[in-house]
Amino acid sequence: MRAELNRLRESIDNIDAAVVHMLAERFKCTQQVGVLKAEHQLPPADPARESRQITRLRELAESARLDPAFAEKLLNFIIAEVIRHHETIAGETRDSAG
């Protein structure tokens, strides 16, 4: 039993590390989006895209047998952080231009 528990926990640790690395890559991309939005004076939030992403993620969650409500909560949390980053970038862009 102990060996099986350790094996499962090692798998969980590896998955957690992969999730962190994937989120870091995602935020690298969204930072670049934030810069582009700021340079072109676009709003930090894009509600239509966010809605499409939530719908898409809920569908992916269902097909993966993950609770779609949980997936939506997770994506909403990530989106809120992205928007916060975009607002910061926009403020920095305005400050350096002015």
Side-chain angles (χ1 to χ4, degrees):
M1 192 285 290
R2 180 60 65 185
E4 180 68 5
L5 183 60
N6 288 337
R7 185 189 67 74
L8 290 168
R9 286 180 172 166
E10 285 178 17
S11 292
I12 291 166
D13 292 349
N14 289 336
I15 293 165
D16 287 347
V19 167
V20 167
H21 284 88
M22 293 300 296
L23 282 171
E25 284 300 311
R26 188 185 196 288
F27 278 105
K28 285 178 189 175
C29 291
T30 60
Q31 290 291 98
Q32 292 173 359
V33 168
V35 170
L36 286 171
K37 284 182 172 185
E39 288 172 350
H40 296 279
Q41 299 175 345
L42 296 172
D46 184 344
R49 166 131 171 98
E50 294 158 20
S51 178
R52 288 191 307 272
Q53 285 296 93
I54 289 168
T55 298
R56 179 177 164 270
L57 192 69
R58 287 184 68 94
E59 291 169 358
L60 288 170
E62 285 179 20
S63 69
R65 296 186 176 182
L66 178 67
D67 179 5
F70 169 77
E72 182 173 346
K73 287 177 191 174
L74 177 62
L75 187 59
N76 281 327
F77 179 77
I78 292 168
I79 288 170
E81 186 67 9
V82 167
I83 291 169
R84 190 181 67 76
H85 290 176
H86 289 185
E87 290 169 344
T88 300
I89 292 167
E92 291 168 355
T93 301
R94 280 191 304 272
D95 292 346
S96 67

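Computation of the quantities below employed the complete heavy-atom set of this structure, encompassing side-chain atoms and omitting hydrogens, waters and symmetry-equivalent molecules. All of these numbers come straight from a predicted model, not from anything done at the bench.
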Can you give each donor-acceptor pair under 3.5 Å made by side-chain atoms of residues 69-85, sequence neighbours left out, with the distance rounded to 0.1 Å?
{"unit_1": "Glu72", "atom_1": "OE1", "unit_2": "Arg58", "atom_2": "NH1", "d": "2.6"}
{"unit_1": "Asn76", "atom_1": "ND2", "unit_2": "Glu72", "atom_2": "O", "d": "3.3"}
{"unit_1": "Glu81", "atom_1": "OE1", "unit_2": "Arg84", "atom_2": "NE", "d": "3.3"}
{"unit_1": "Glu81", "atom_1": "OE2", "unit_2": "Arg84", "atom_2": "NH2", "d": "2.5"}
{"unit_1": "Glu81", "atom_1": "OE2", "unit_2": "His85", "atom_2": "NE2", "d": "3.1"}
{"unit_1": "His85", "atom_1": "ND1", "unit_2": "Gln31", "atom_2": "OE1", "d": "3.1"}

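To the nearest 0.5 Å, atoms CG (Asp46) and CZ (Arg52) are separated by 6.5 Å. We find the CE-CG distance between Met1 and Asn6 to be 9.0 Å, quoted to the nearest 0.5 Å. Interatomic distance, Ile15 CD1 to Met22 CE, rounded to the nearest 0.5 Å: 13.5 Å.
Using modelled atom types, no side-chain atom of Lys37 and backbone atom of Leu42 make a donor-acceptor pair closer than 3.5 Å. Here the side chain of His86 pairs a donor or acceptor atom with the backbone of Thr30 at under 3.5 angstrom. The closest donor-acceptor contact from the side chain of Ser51 to the backbone of Ala48 lies at 3.5 Å or more, if one exists at all.
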task: Go through the steps to decide whether Arg56 and Glu59 satisfy the test salt bridge (charged side-chain N to carboxylate O under 4.0 Å, His left out), and finish with yes or no.
output: CA-CA 5 Å; Arg56 179 177 164 270; Glu59 291 169 358; over 6 Å; no
task: Just do the side-chain contact (heavy atoms from CB on, under 4.5 Å) check on Asp16 and Val20 with the steps written out, would you?
output: CA-CA 6 Å; Asp16 287 347; Val20 167; 5.7 Å; no
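Heavy-atom minimum distance, Pro68 versus Glu62: CG-CG, 3.3 Å.
With sequence neighbours left out, Ala18 forms a side-chain contact (heavy atoms from CB on, under 4.5 Å) with no residue at all.
Remark: Glu4 CD is packed, more than 12 non-hydrogen atoms of other residues, nucleotides or ligands lying under 6.0 Å away.
Grouped by direct or indirect side-chain proximity (heavy atoms under 4.5 Å, Ile/Leu/Val/Met/Phe/Trp/Tyr only), Val35 sits with Ile89.
With salt bridges taken as basic N to acidic carboxylate O contacts below 4.0 Å, none links Arg7 and Glu10.
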